[in-house]
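The figures here come from the full heavy-atom set of this structure, side chains too, leaving out hydrogens, waters and symmetry mates. All chains are named by letter (A, B, ...) in the order of the sequence lines, taking the proteins before the strands, and each is independently numbered beginning at 1.
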There are 2 protein chains.
Amino acid sequence: MIKGVGKMNAQNLFWIGLVGAVIALLFAVVQSRKVLKFSEGTELMQKIASSIRQGANAYLKRQYSTVARIFAVVFVILLILVATNQLDNWFIPFAFLTGGIYSALAGFIGMKIATSSNARTAHAAHESLNRGLNVAFSSGAVMGFTVVGLGLLDVSVWFHILKYVAGYDATKIAQTMVMFGMGASFMALFARVGGGIFTKAADVGADLVGKVEAGIPEDDPRNPATIADNVGDNVGDVAGMGADLYESYVGSILATFALGASAYAGADKAWNAMLLPVAIAVVGVICSVLGTFLIRTKEGASQRDLLGTLRKGTYTAAILAAILAAPLTYFILGSMGVYVAILAGLVAGCAIGYFTEYYTSDTYKPTQKLADSTETGAATTIIGGISLGMMSTAAPVVIVGIAIIVSFLAAGGSLSTSSADYAELFNKGLYGIGIAAVGMLSTLGITLATDAYGPVADNAGGIAEMSGLGEEVRNRTDALDSLGNTTAATGKGFAIGSAALTALALLVSYVDVVKGKIGGEIDLALTNPAVLVGIFVGAMLTFIFAALTMSGVQRAAQSIVVEVRRQFKEIAGIMEGKTDPDYASCVDLCTRGALHEMVVPSLLAIVVPIVTGCILGVEAVVGLLGGVTVTGFAMAVFMSNAGGAWDNAKKYIESGKHGGKGSDCHKAAVIGDTVGDPFKDTSGPSLNILIKLVSTVSIVFCGLVISVSQFFLG
Amino acid sequence: MIKGVGKMNAQNLFWIGLVGAVIALLFAVVQSRKVLKFSEGTELMQKIASSIRQGANAYLKRQYSTVARIFAVVFVILLILVATNQLDNWFIPFAFLTGGIYSALAGFIGMKIATSSNARTAHAAHESLNRGLNVAFSSGAVMGFTVVGLGLLDVSVWFHILKYVAGYDATKIAQTMVMFGMGASFMALFARVGGGIFTKAADVGADLVGKVEAGIPEDDPRNPATIADNVGDNVGDVAGMGADLYESYVGSILATFALGASAYAGADKAWNAMLLPVAIAVVGVICSVLGTFLIRTKEGASQRDLLGTLRKGTYTAAILAAILAAPLTYFILGSMGVYVAILAGLVAGCAIGYFTEYYTSDTYKPTQKLADSTETGAATTIIGGISLGMMSTAAPVVIVGIAIIVSFLAAGGSLSTSSADYAELFNKGLYGIGIAAVGMLSTLGITLATDAYGPVADNAGGIAEMSGLGEEVRNRTDALDSLGNTTAATGKGFAIGSAALTALALLVSYVDVVKGKIGGEIDLALTNPAVLVGIFVGAMLTFIFAALTMSGVQRAAQSIVVEVRRQFKEIAGIMEGKTDPDYASCVDLCTRGALHEMVVPSLLAIVVPIVTGCILGVEAVVGLLGGVTVTGFAMAVFMSNAGGAWDNAKKYIESGKHGGKGSDCHKAAVIGDTVGDPFKDTSGPSLNILIKLVSTVSIVFCGLVISVSQFFLG
């Protein structure tokens with residue numbers, strides 16, 4: 001072994017996090033300048049783009065002001081908790097704020113660039129498919145690297161404050177910072193739920209009256225909800241996703257901090273264990289930047305070529321990161337077992353992505369069979385989609401299960417309770433689970449870019465349609481859009497897989513924090529009724545959360561349906577294209593609906609774990625975290641994949657199968673797609689955030705919960 | 001305290017179980033004779049009833065022969081396990097067989113009497129509503145008391161064999177008999193899944209082509225699938241339910257045996273703790289018999305009166321049982337805390353029943369709102385039903401959670417780990433959870449009667465329609481049917497609640513058995529990755545099982561759709577009523593489809609826990625049991641209630657709301673109802689059995705799992 005390997009003095013090397021942050025943010029600026037150099041096209045296109053921009057801005061402004069009020073209340077509660085010694089230090093309330101602000105900022109910047117790129121993409125696609133890809137992908141890259149840059153910045157700045165201003169040791173830094181994820185998660189949940197309700201209310205509302213009742217095509221300018229629909233893509237699929245992935249990225253690093261400090265408690269090596277996730281993230285940034293340079297196409301490239309170049313970029317970045325992680329892990333930690341854990345994370349992410357694609361892409365059997373089931377009507381289409389989605393939970397669960405066991409064992413954990421140093425090895429193994437999630441998300445810069453460019457292409461298609469750019473341009477933007485769906489599957493795999501691993505890491509951190517506070521052991525055995533009831537409550541929380549977000553979309557969509565019907569009836573000349581419909585009223589309705597519906601489900605994530613803990617004690621909270629993580633994971637996969645499959649089955653039929661557009665099969669498929677909308681874009685992705693938010697909330701409020709429950713239970 | 005209280009010499013009093021069994025079975029014979037005295041009506045009615053009888057007989061014959069082969073294989077495997085010392089004794093394989101045979105018998109007898117009562121009910125309803133109720137309810141009572149009688153018989157006979165022939169002590173009897181539930185559960189799962197697929201394939205197939213495409217009413221004799229549909233009611237809703245409830249009843253008693261023996265291990269009081277569930281069951285039989293005498297109506301009674309008399313019967317039986325349980329518990333166990341646990345079970349069952357009714361009956365808001373959502377089409381109807389169903393999981397979870405905690409604490413358990421005798425109190429508390437389930441099911445005789453009479457009324461309606469008995473008779477049978485839906489909600493509450501409690505009791509018994517076998521402690525903490533992965537696998541098993549049963553219905557239904565379309569096209573004169581369609585071919589298709597589709601999901605329940613255990617050890621199995629119980633419970637509630645609400649929303653619209661029959665709202669509601677069919681009658685109820693079967697399988701195979709996993713994990 002090379003001298004000093006694994007004994008490197010890590011504690012003064014955390015500045016590399018700042019360097020990584022600067023690289024990522026600078027790259028985002030470069031990409032953003034590149035995008036803005038393109039033309040926004042004709043006056044009409046500029047006008048439409050400006051309406052979308054205004055709508056998105058207006059929505060985000062109101063969303064942020066609503067959320068700000070809730071944040072203010074929670075901030076005050078946190079201050080009170082610190083003042084009454086239920087929380088350890090004054091940094092936590094402020095870190096709660098910065099987490100929320102950065103998460104919001106990540107979404108806001110993503111939305112800004114997306115609403116500036118949609119018309120540009122349409123215009124560029126007018127010239128060539130490749131130019132369109134170029135603009136859209138660069139716009140996605142701005143968001144990808146902004147998320148990563150802000151995440152590293154937040155983590156690094158707070159680390160340095162705690163280390164050099166507060167003078168904390170590794171354990172204290174880790175146990176404090178694991179609470180910092182709450183602000184980001186809370187903001188992300190609002191953004192996902194609110195944005196998700198907005199976009200799907202507009203989408204469902206527009207489709208139900210426009211496509212189904214009036215028989216006009218999607219994005220037709222005569223549809224009063226069409227601008228709202230395009231605004232929705234930006235506030236939901238872009239701003240919501242940005243806040244979401246920011247939360248995932250930061251959450252995985254912070255959870256690994258906590259597990260690292262716990263695995264090497266008291267030893268200098270704790271610093272090394274904490275440096276490793278930061279170092280891997282920084283290497284991931286650099287590999288992602290390199291990967292983006294590979295994404296360039298020749299004129300006249302086919303869709304297959306385009307997919308090839310996107311894959312080349314992301315895969316190269318991932319492989320490069322995987323290779324570089326080996327010496328990094330070796331030098332920082334001296335343990336190649338941990339490296340295996342990182343690899344397990346990366347491979348698991350890719351594998352989940354593959355199965356996501358398998359179950360939702362129309363090039364594979366499941367979605368084709370789903371399209372077949374439209375032959376016997378809407379009911380069998382729905383049953384088919386639900387069973388497809390439920391079936392699709394098998395692979396991700398098995399993959400995550402294998403990843404958990406492999407990373408745990410590789411990092412040094414043991415499943416045999418008989419060994420003497422079981423507890424110590426146990427903590428080392430858990431660190432492996434945390435670092436696997438970091439490995440999964442290390443190249444988030446580029447995977448998020450391929451994910452975030454989809455909505456831009458979708459918007460570009462809308463603008464092309466509304467400004468009459470002709471079928472050829474629309475076909476090109478459609479090609480970009482459907483390409484985005486395919487690459488997004490991989491991104492989803494990473495997001496879902498990392499959410500499960502991070503949530504488990506947070507669960508373990510919670511137990512660590514609680515044990516530290518009460519200074520004793522707790523009975524976490526599954527046979528403990530408190531733990532069992534906690535698991536029940538966790539599963540229930542998942543079902544209720546999914547129900548509320550879905551019914552939120554439904555209520556908001558119904559108000560859009562009523563409004564669009566009213567406009568068609570009362571405003572003369574809309575259908576003849578002589579009068580413009582009142583787009584703004586639909587945007588406004590969506591905004592009000594989304595803000596109204598997002599509050600209750602989001603607050604549940606805070607209230608349920610605290611109330612459960614106060615009544616039944618910390619054991620029940622651990623059960624709840626386990627229940628919500630497991631059920632939430634399975635439910636998220638089910639809903640996302642069912643929704644994705646319905647969407648693509650519809651597109652498959654529209655491509656001419658089973659009678660094509662307008663056939664009875666198509667009508668059944670449209671019903672499936674409409675049901676799938678809130679599944680895949682509201683409830684599903686929000687569940688990924690929920691499972692982490694519940695954990696961080698439990699950690700932050702555990703002092704309070706312990707005090708109250710000891711009062712009740714004695 | 002009266003001398004000797006709680007110290008009664010219980011071990012020689014188990015003959016009361018045999019007495020209870022004889023009372024129940026004799027009462028079933030009396031009721032059955034009463035039913036058979038009624039006339040079967042016109043020749044046409046007799047012919048139709050005979051077709052249904054033949055179809056049901058033919059199906060059950062083939063189902064039983066398929067299942068018999070699978071039982072034979074498992075029987076041989078069990079023999080091998082005993083021979084190789086992986087299983088404790090030779091009784092287990094044979095008890096596996098008797099459990100299966102009795103469970104099948106319960107279903108078979110229920111089906112026999114139901115297919116003999118349908119035409120009699122129709123004919124009696126022709127005379128008056130009250131006579132119709134009389135026949136249908138007596139038929140339900142035959143099944144209710146057969147299930148209870150056979151259950152007590154099986155338990156008592158085996159108890160006496162093990163005590164007096166084998167000479168076992170209390171612990172050994174309890175630990176052996178807890179494995180006896182596997183045969184009943186396995187048979188019940190086949191019956192529920194196979195019957196459920198049969199009935200819903202026929203129903204969905206008949207509706208999709210008959211109602212939706214051809215526009216002919218339900219049960220119209222021109223529909224080739226109509227006999228299959230009526231056969232389905234008998235093999236699914238009757239035979240499946242009989243086998244299912246037999247399994248629940250026996251399972252709850254056996255699990256309580258195990259917990260009782262463990263709570264008072266080595267002490268004479270173990271016999272008392274085991275006698276109590278039997279005694280409560282016997283008292284329940286007597287109270288149920290008394291309750292049935294209260295069910296009599298005056299001529300000209302309204303539907304409200306009918307509901308009133310049914311409720312009077314069941315509530316009186318429950319209250320009587322609750323009152324009598326107090327002295328019983330006092331004398332047998334000397335602990336009134338355990339009595340509180342029994343009450344908690346009874347109250348929880350009623351409360352879950354109330355919420356089931358609240359969410360699925362059209363007299364309450366949720367279903368009415370669901371009917372409103374048909375105004376915006378099928379997609380919002382589906383979203384509305386799914387979110388209603390998911391939302392409805394909240395109340396049952398909270399109720400079961402409270403029941404668990406209350407019965408645990410009341411029976412002597414403690415949630416505070418700091419007390420010195422924590423472990424001992426813990427086991428006493430767990431006994432409370434088991435006995436709560438027994439309390440819930442004590443009056444199963446009468447609650448099952450009110451549940452099982454529904455399908456008979458449904459069938460009577462079909463026969464009335466097909467034999468042209470006129471609108472008045474049909475209205476009466478419809479009234480009986482819809483009344484059955486309401487009373488069935490209470491029955492469902494008991495079935496679901498007891499399933500959750502029994503599954504938890506079995507989980508705890510599993511841990512007991514495993515600890516006994518390996519002679520040491522195991523790490524069941526939620527932070528153990530093996531436990532966590534087990535929970536993941538348990539949740540996944542739930543989703544996959546639901547997916548497979550649902551898609552089984554879909555595939556079988558699609559073959560019916562194709563066949564019915566073929567007959568309409570190829571057989572001239574069907575639509576004009578000149579030629580009889582080929583009913584038998586549809587019955588045959590359903591039979592083949594159901595048998596083909598039932599095997600894989602049922603085998604999963606055996607294979608998954610064994611494989612998981614062999615690879616990851618017993619800790620993962622405990623996790624799996626926890627995961628499948630919790631997620632399965634929530635999923636079962638979700639699916640049953642969503643399906644029930646869609647069904648009743650459709651009926652609500654058919655009663656004239658939202659434009660009534662034939663309106664666009666009605667079409668959307670029919671789609672919802674069709675999706676709900678496999679939800680509420682196939683997947684939902686099967687999940688209740690699944691969660692118990694997985695537990696008993698794990699217990700039976702734990703010797704094997706321990707050997708194999710120790711080989712792998714060291």
Side-chain angles (χ1 to χ4, degrees), chain A residues 208 212 373 376-380 382-384 386-387 390-391 393-394 397 400-401 404-405 408 413 415-417 504 508 511 522-527 529-533 535-537 539-540 543-544 546-547 550-551 554 558 561 617 622-623 626-627 630-631 634 638 671 674-675 678 713-714, chain B residues 208 212 373 376-380 382-384 386-387 390-391 393-394 397 400-401 404-405 408 413 415-417 504 508 511 522-527 529-533 535-537 539-540 543-544 546-547 550-551 554 558 561 617 622-623 626-627 630-631 634 638 671 674-675 678 713-714:
Chain A
L208 280 178
V212 181
S373 71
T376 37
T380 48
I382 299 296
I383 297 175
I386 292 176
S387 58
M390 289 187 169
M391 206 63 212
T393 60
V397 166
V400 163
I404 290 171
I405 298 293
F408 176 80
L415 288 178
S416 161
T417 37
L504 291 183
V508 175
V511 175
I522 43 178
D523 179 13
L524 293 181
L526 255 182
T527 44
V531 175
L532 279 171
V533 172
I535 301 181
F536 268 109
V537 175
M540 175 195 83
F543 278 85
I544 292 184
M550 246 189 301
S551 58
Q554 197 194 4
Q558 270 172 333
V561 166
V622 178
V630 169
T631 316
F638 153 52
I671 291 174
T674 311
V675 172
L713 299 172
Chain B
L208 279 178
V212 180
S373 72
T376 38
T380 48
I382 299 295
I383 297 175
I386 292 176
S387 58
M390 289 188 169
M391 206 66 211
T393 60
V397 165
V400 163
I404 290 172
I405 298 293
F408 177 80
L415 288 177
S416 161
T417 39
L504 292 183
V508 175
V511 175
I522 44 177
D523 178 13
L524 293 180
L526 255 184
T527 45
V531 175
L532 279 171
V533 171
I535 302 180
F536 268 109
V537 175
M540 176 195 83
F543 278 85
I544 291 184
M550 244 189 301
S551 58
Q554 196 193 5
Q558 270 172 334
V561 166
V622 178
V630 170
T631 316
F638 152 51
I671 292 175
T674 310
V675 172
L713 299 170

At a heavy-atom distance under 4.5 Å, which candidate from B/Ala379, B/Gly377, B/Gly626 has the highest pair count against chain A?
B/Ala379
Top of A/Val508, A/Val537, A/Thr393, A/Ile383 for chain B proximity - count of heavy-atom pairs under 4.5 angstrom
A/Ile383
Of the listed residues (B/Thr674, B/Val561, B/Ile405), which shares the most heavy-atom pairs with chain A below a 4.5 Å separation?
B/Ile405
Let me see the working for B/Leu504 and A/Phe536 under side chain to side chain contact (heavy atoms under 4.5 Å, CB included), right down to the final yes or no.
CA-CA 11 Å; B/Leu504 292 183; A/Phe536 268 109; 3.9 Å; yes
Whatever's closer than 4.5 Å to a heavy atom in chain A on B/Leu208 counts as side chain
Looking only at heavy atoms and a cut-off of under 4.5 Å, which of B/Ala546, B/Gly413, B/Gly627, B/Ser551 has the most pairs with chain A?
B/Ser551
Testing the basics here: between B/Val533 and A/Gly401, what is the closest heavy-atom pair and its distance to 0.1 Å?
CG2-O, 3.8 Å
Answer key: most heavy-atom pairs under 4.5 Å with chain B among A/Ile535, A/Val400, A/Thr376 is A/Thr376
Give, as side chain, backbone, both or neither, the part of B/Pro678 having an atom under 4.5 angstrom from any heavy atom of chain A.
side chain
Considering all heavy atoms, the nearest A/Gln554-B/Gly384 contact:
OE1-CA, 3.5 Å
Which atom pair, heavy atoms only, marks the closest approach of A/Gln558 to B/Ser373?
NE2-CA, 3.6 Å
Report the distance from atom CD1 of B/Ile544 to atom CE of A/Met391, rounding to the nearest 0.5 Å.
4.5 Å
Among A/Thr527, A/Val531, A/Ile671, A/Ile386, which residue has the highest count of heavy-atom pairs closer than 4.5 Å to chain B?
A/Thr527
Atom group of B/Leu526 that falls short of 4.5 Å from chain A, counting heavy atoms
both
Would you mind checking which part of B/Val675 comes under 4.5 Å of any heavy atom in chain A, side chain (CB onward), backbone (N, CA, C, O), both or neither?
both
Who among A/Val622, A/Thr631, A/Ile382 has the most heavy-atom pairs with chain B under 4.5 Å?
A/Ile382
Is B/Val630 close to chain A through its backbone or its side chain, or both, or neither, when contacts mean heavy atoms under 4.5 Å?
both
Can you tell me how far the CG atom of B/Leu532 sits from the CD1 atom of A/Ile404, to the nearest 0.5 Å?
6.5 Å
So for B/Val511, is it side chain, backbone, both, or neither that comes closer than 4.5 Å to the heavy atoms of chain A?
side chain
